[in-house]
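Remarks on the structure that follows.
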Protein chains: 2
Amino acid sequence: MAQHTDQEAALKIASGRKAFVEPLRLGERLKEIRLANQWTLEDVSQKTGLARSTLSKIENDQISPTFTAVQKLIGGLDIDLPQLLSPPRQQTRTMGRRDMTRRGEGQRHPTPTYEHELLSCELAQKRMIPFKTIVRARHFEEFSEWVRHDGEEFLMVLDGEILLYSEFYEPLRLIAGDSIYFDSDMGHALVSVSEEDATVLSVCTRRENT
Amino acid sequence: MAQHTDQEAALKIASGRKAFVEPLRLGERLKEIRLANQWTLEDVSQKTGLARSTLSKIENDQISPTFTAVQKLIGGLDIDLPQLLSPPRQQTRTMGRRDMTRRGEGQRHPTPTYEHELLSCELAQKRMIPFKTIVRARHFEEFSEWVRHDGEEFLMVLDGEILLYSEFYEPLRLIAGDSIYFDSDMGHALVSVSEEDATVLSVCTRRENT
DNA sequence: ATGTCGTGTTCACAATAGGAAACCAGGTTT
DNA sequence: AAACCTGGTTTCCTATTGTGAACACGACAT
């Protein structure tokens with residue numbers, strides 16, 4: 001973790017959170033694709049409608065293309081985003097990473113209804129997202145709409161007692177030690193029903209990036 | 001002249017089924033995500049480092065964000081491209097399964113060193129495997145060899161105190177409330193060091209089907 | 001009322017991306 | 001040699017993005 005430029009560091013501080021800005025060699029990748037297909041800049045220009053010069057600058061990381069430009073690229077070259085962005089298939093498993101979080105030392109992230117504490121957030125590129133939550137909500141009405149996010153979620157009540165509302169089921173009462181696993185794209189919402197605000201531990205699957 | 005047009009048409013058909021650039025309501029989608037998480041423009045600004053005004057204009061499709069801007073978005077909000085771009089991703093899975101396990105009602109699975117209790121084991125085809133463990137081992141020597149399994153593991157100490165031995169690190173002392181995330185193909189082993197046997201909650205990723 | 005937060009939008013300007021043309025190789029042809 | 005191509009880079013200049021400040025609107029106080 002010593003490869004941070006000042007700008008990246010500043011960004012981290014400014015954003016207050018992780019901001020794991022991956023290198024994302026988009027230009028490099030584009031060039032790869034172009035050469036792999038033996039296309040010339042002019043060819044690509046024809047296909048995409050972008051100027052030769054623009055393409056050159058993108059490949060050399062001299063400019064950051066506009067999103068419309070990216071669309072023209074993926075449209076014109078008939079590729080898709082993942083293909084453009086996932087050249088670094090490095091992923092090299094088995095590197096033995098680890099990231100420990102002491103009690104209460106996670107990154108706190110308050111909302112009106114929940115108070116989240118993200119755990120192990122030093123580690124990017126992980127397949128699960130663990131976090132502890134203090135359930136501040138007391139009534140279902142406090143939620144403007146269902147909470148939902150792609151993937152699956154596992155949840156265990158650590159303290160207190162909650163009511164789990166979900167889109168397709170009756171509300172479920174859970175006390176400390178109880179746990180539940182569910183598809184998190186089904187709307188859901190938690191409220192505390194114990195005297196003190198309940199706390200739960202959740203683990204979500206991260207969305208697969210193809 | 002006509003030939004030129006034909007050529008272009010042929011090119012389109014050959015190279016791009018999606019010759020026309022789809023609308024791609026990126027702004028709309030961003031707003032969805034923002035509201036779904038009950039974030040304000042200012043919040044998102046903090047998280048991403050982009051100006052409030054910029055975000056507003058992006059949401060209202062008044063500008064096409066630069067790719068660096070998009071990166072800041074996905075980085076700051078901890079989402080990924082597909083999530084940002086695929087609003088119609090709904091109704092794919094959304095089957096809303098769930099599986100609840102009351103405290104102590106999981107499937108017990110004892111070993112000499114650990115006493116596992118599998119949670120939510122009614123549900124097949126899930127991406128995570130949650131289980132609670134009573135750590136009976138008291139000395140590292142009780143393990144004949146490293147525990148290791150493909151994927152990643154998240155672990156939180158529920159009661160007591162443990163020592164986490166791992167292949168590439170010094171032993172780590174964890175007490176109730178502490179948590180850790182690690183690549184589980186790295187050898188690991190737990191021993192209780194508190195008076196009573198410690199209990200931990202673990203969640204493992206299931207082996208990928210690739 | 002008036003004030004003052006907090007949220008989202010709209011200025012006006014600075015920063016930067018996109019495009020046309022000029023430029024610079026290195027090959028061919030003459 | 002010089003006169004071409006051809007593919008890639010660089011130089012302008014314009015169009016657009018990105019930003020801070022000002023603005024408008026409500027909510028909620030005083």
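Note on naming: letters A, B, ... go to the chains in the order of the sequence lines (proteins, then strands), and numbering restarts at 1 for each one. In this text, all values refer to a predicted model and were calculated from it rather than measured experimentally.
No salt bridge links A:Asp178 with B:Arg103; every basic N to acidic carboxylate O contact stays at or beyond 4.0 Å. The residues A:Glu59 and A:Arg34 are annotated as salt-bridged, a charged nitrogen and a carboxylate oxygen being separated by less than 4.0 angstrom.
What separates NZ of B:Lys72 from P of D:dG18 is a distance of 9 Å, to the nearest Å. One atom, CD1 of A:Ile58, and another, P of D:dT9, lie 12 Å apart when rounded to the nearest Å. To the nearest angstrom, P of D:dT9 lies 7 Å from CD of A:Glu59.
The nearest pair of heavy atoms linking A:Leu190 to A:Val200 is CD1-CG2, 4.0 Å.
Toward the 5′ end of DNA chain C lies the nearest nucleotide of B:Asp43, the other residue of the pair A:Ser53 and B:Asp43 mapping further downstream.
Residue contacts for B:Leu50: at a heavy-atom cut-off of 4.0 Å it reaches the sugar-phosphate backbone alone, with no base atom in range.
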Point to revise | Audit row: A:Phe182, A:Phe168, ring pair (Phe, Tyr, Trp, His ring centres under 6.0 Å) steps and yes/no | key: CA-CA 11 Å; A:Phe182 59 95; A:Phe168 307 139; over 10 Å; no
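Aromatic pair A:Phe154/B:Phe131: ring centres not closer than 6.0 Å.
The side-chain heavy atoms of A:Leu119 and B:Met156, taken from C-beta on, include a pair separated by under 4.5 Å.
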Write down the protein N/O and nucleotide N/O pairs, taken from nucleotides 14-17 of chain D, whose separation is under 3.5 Å; answer none if there are no such pairs.
unit_1: D:dT17; atom_1: OP1; unit_2: B:Ser64; atom_2: N; d: 2.8

Give each protein N/O atom lying under 3.5 Å from an N/O atom of nucleotides 5-7 of chain D, with the pair distance.
none

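Residues A:Asp159 and A:Thr199 bring a donor and an acceptor atom of their side chains to less than 3.5 Å of each other. The closest side-chain donor-acceptor pair between A:Thr133 and A:His116 falls under 3.5 angstrom. Remark: the B:Tyr181 side chain and the B:Glu152 side chain contain an N/O donor-acceptor pair separated by less than 3.5 Å.
Using cut-offs of 30° and 60° on the angle between ring planes, the pair B:His149 and B:His188 is perpendicular.
The phosphate of D:dG8 has neither OP1 nor OP2 within less than 4.0 Å of any side-chain N or O from A:Ser56.
Here chain A contacts DNA chain C (any atom closer than 4.0 Å to a heavy atom, that is under 4.0 Å), and the contacts span C:dA17 to C:dA22 from 5' to 3'.
Cation-pi geometry between B:Arg98 and A:Tyr169 is satisfied (NZ or CZ under 6.0 Å from the ring centre, within 45° of the ring normal).
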